[in-house]
Amino acid sequence: MIHSDGSTPIDHSSHDFTSEAAAHAGHDAHPGHAGHDAHAGHADHVSGFRRLFWIMLVVSIPVTVASPMFGMIIGYDIPEWARWLAPALGTLMYVWGGSPFLTGAVSELRTRKPGMMLLIGLAITVAFLASWGASLGVLHHQLEFWWELALLIVIMLLGHWIEMRSLAQTTSALDSLAALLPDEAERIENGETVRVSPAELRIGDVIVIRPGARLPADGRILQGAASVDESMITGESRAVARTAGDPVVAGTVATDSGLRVEVTAVGADTALAGIQRLVADAQASSSRAQRIADRAAAWLFWFALGAAAITAVVWSAVGSPDEAVIRTITVLVIACPHALGLAIPLVVSIATERAARAGILVKDRLALETMRTIDTVLFDKTGTLTKGAPAVTAVEPVAPFTTDDIISLAAAAEQDSEHPLAKAIVDAAGDRRLEIHAAEDFRSSPAVGVSARIDGRRVQVGGPHLLTETDATELPIAGAWRTEGAIILHVLVDDRVVGALKLADDIRAESISAVAALRARGIDVVMITGDASAVAESVAARIGIDRVFAGVRPEDKAARVRALQAEGRKVAMVGDGVNDAPALAQADVGLAIGAGTDVAIASAGVILAGDDPRAVISVIELSKAGYRKMTQNLWWAAGYNLLSVPLAAGILAPVGFVLPMSVGAVLMSLSTIVVALNAQLLRRLDLRIPSIAATD
């Protein structure tokens, strides 16, 4: 991606990682960005359906009780004073409770794409008109469907409430991306620093970035040097050394030193805005996937119309026009099974509940449905297959110093630093239960390292720049470590090299078994990372992954997903960084590690609350089980129609049997109960990771 000023984004593959990693110094934690309000549209939609359902449920009780046909089925007569109670309240339910379906039906008619809304709208409209005709004595009394109208509206509202609730469990990815920008920027005007909104910045402005502050725009460093935390953009764990002339990106943090930066891109031209567009585009395209229930509803709509037309023609042809009206209206009413409205929402609701208990948050039900078809899982490396934080993985001491001596000295010198590398060294000393001596005269220098006086000796820890300043030579082992892409720090005592530390991103212990389990199920595993090939290949070999995309820039990750999809693959992407957000949205299914960034979480269809990659197996098992229940429920709901509609139309009339409307209505309700009970069986699915791992 080329910025409007002609500059290019950062190419991480060209940097010397040992040099970059050496730039570690203490810094204050960034206080964070002010909170952003989440979009409330989905929440309002859910609360509207919930409120409407409860109101209609209350109203449906007197409508049902006062319905003459319901009274006839149960065996009681409706008193004269209550004769118009069902028509009055039934009309209220049709106009108010049926409004979402009627509006949706009109929309589907305009687009010429019949679906669930048109099928529901047709059924309740026919039931409403027929019921009024029966109440006014214009039509046969058997066509009084007030109780069925009430039941249909209530159950369909319940189904759509459940559906909207499952779809609304999401946050805005674009809000999360916007939250990476600071509320204010410090611009230099006539030699003075003036606080302005980032929206007021223009290309060519010079801004001041203080230690621990986020950059409000893309730019180029004019003065200063600092370790810049780009993890929220690149997803890589270590801070990167940036000096005069280097490009910097909006949303990143200058961790340890102040900078003066010339703005090179603002607003829609920044790298962050580019990621926003990629996320929005991919999410918009994936939202157009056709839903299973809508397809079934479309088929049933044409089936109902065809059956009704045939019924009217046949009964009229045999000389029974009155029966033709009764049979035709009956077919149109019972052609909309309650079970179809609950078939998928109930399964999704129970599946998401079971998933939540296993630490899996399903935000997008289409993602859950699709997961069963996945044949390729693309893992981001840092923070997903690895822990996303540096750790001491090897130590090379120089006699007479020992490994423990080197770690202890380095930890003593680093204990006053807040840099991630310093924390890793101190943690290593703690893991070994080593004594960390008190340090005096602590000093930190960006791009060089730290120094302190310990027990009267001057101890320094740093990278290549430290060796250059002290005219020291790196240890021979450093060359081999460098080929593995490791971070290399040398420890000096009184300007003499006494040892070296190798720091790398630790592999999660669960990653190896997760990859093995996926491959055992016939699923290909691919790794993608912004790291250099040496680092990527080393990690992939240890985990058991054969195919690797290395040196991939943030804006190119979504393109790699599209390339896999172009091969005919169904791709699930697992990641945790902002740079993963477009790829997560582009993938057939995006899975975010819950410990990752808000943007990655917002862009994914499924969130793994923990950091165990084996949870991907749980999602696959849940998807397969849920799909089985959806399919069974849809076949049951559709099967009811395939059986009851011909019977209601009078296909067996020549042998003396015509399905009474009352029996058809009871069977319709029974089909709903069967669907609900079948969905409940999904609760028996065990998604605990240990049990899944044990089967591999």
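Keep in mind that the numbers below use all heavy atoms, side chains included, and drop hydrogens, waters and symmetry copies.
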Mind checking whether [X] and [Y] have side chains closer than 4.5 Å, heavy atoms only?
| X | Y | answer |
| --- | --- | --- |
| Val526 | Ile545 | no |
| Leu503 | Thr393 | no |
| Ile221 | Leu259 | yes |
| Val263 | Ile207 | yes |
| Gln565 | Asp588 | yes |
| Lys381 | Asp505 | yes |
| Lys557 | Asp380 | yes |
| Leu564 | Arg547 | yes |

With rounding to the nearest 0.5 angstrom, report the [atom1] to [atom2] distance, [X] to [Y].
| X | Y | atom1 | atom2 | value |
| --- | --- | --- | --- | --- |
| Leu685 | Lys629 | CG | NZ | 10.0 Å |
| Leu501 | Thr403 | CG | OG1 | 9.5 Å |
| Thr386 | Arg542 | OG1 | CZ | 10.0 Å |
| Ser445 | His465 | OG | NE2 | 9.5 Å |
| Glu474 | Leu489 | CD | CG | 12.0 Å |
| Arg508 | Lys387 | CZ | NZ | 8.0 Å |

Checking the side chain of [X] only, and the main-chain atoms of [Y] only, is there a donor and an acceptor separated by less than 3.5 Å?
| X | Y | value |
| --- | --- | --- |
| Asp218 | Thr264 | no |
| Thr384 | Phe379 | no |
| Ser511 | Ile507 | no |
| Thr373 | Thr370 | yes |
| Ser623 | Val619 | no |
| His490 | Leu475 | yes |
| Arg214 | Gly251 | yes |
| Arg242 | Val228 | no |
| Thr252 | Asp229 | no |
| Arg614 | Ile512 | no |

Sort out for me which residue in [options] forms a side-chain contact (heavy atoms from CB on, under 4.5 Å) with [X].
| X | options | result |
| --- | --- | --- |
| Leu518 | Ile617, Ile374, Thr376 | Ile617 |
| Pro216 | Ile209, Val261, Val266 | Ile209 |
| Leu591 | Leu378, Val574, Leu584 | Val574 |

Are any of the side-chain nitrogens in [X] or [Y] under 4.0 Å away from the carboxylate oxygens of its partner?
| X | Y | value |
| --- | --- | --- |
| Glu262 | Arg220 | yes |
| Arg560 | Glu567 | no |
| Arg521 | Glu621 | yes |
| Arg569 | Asp524 | yes |

Tell me, please, which residues at least two apart from Ser538 pass side-chain hydrogen bond (donor to acceptor under 3.5 Å, both in side chains).
none

Which heavy-atom pair separates [X] from [Y] by the least distance, and what is that distance?
| X | Y | result |
| --- | --- | --- |
| Gly258 | Pro211 | N-CG, 3.6 Å |
| Ala367 | Val606 | CB-CG2, 4.3 Å |
| Leu682 | Gly626 | CD1-N, 4.1 Å |
| Ala411 | Ile425 | N-CG2, 3.6 Å |
| Gly544 | Val515 | O-CG1, 3.8 Å |
| Ala225 | Thr243 | CB-CG2, 3.6 Å |

Evaluate the salt bridge (charged side-chain N to carboxylate O under 4.0 Å, His left out) criterion for residues Arg519 and Asp546: first the C-alpha distance (whole Å), next the side-chain angles of each, then the deciding distance (0.1 Å), finally the verdict.
CA-CA 11 Å; Arg519 296 181 67 171; Asp546 298 326; 3.1 Å; yes

Assess the residue pair Met371 and Leu622 against the criterion (side-chain contact (heavy atoms from CB on, under 4.5 Å)); give the C-alpha distance rounded to whole Å, side-chain angles, the decisive distance to 0.1 Å, and a yes or no.
CA-CA 9 Å; Met371 195 65 190; Leu622 177 64; over 6 Å; no

Step by step, would you call Met573 with Gln586 a side-chain contact (heavy atoms from CB on, under 4.5 Å)?
CA-CA 9 Å; Met573 168 73 186; Gln586 175 63 44; over 6 Å; no

Show your working on side-chain contact (heavy atoms from CB on, under 4.5 Å) between Arg482 and Ile488 and close with a plain yes or no.
CA-CA 7 Å; Arg482 189 174 295 109; Ile488 305 170; 4.0 Å; yes

Holding to salt bridge (charged side-chain N to carboxylate O under 4.0 Å, His left out), I want the full list of residues that pass it with Arg210, two or more places apart in sequence or in another chain.
Glu186

Candidate pair Val395 and Ile407, rule side-chain contact (heavy atoms from CB on, under 4.5 Å), full reasoning:
CA-CA 8 Å; Val395 180; Ile407 295 178; 3.8 Å; yes

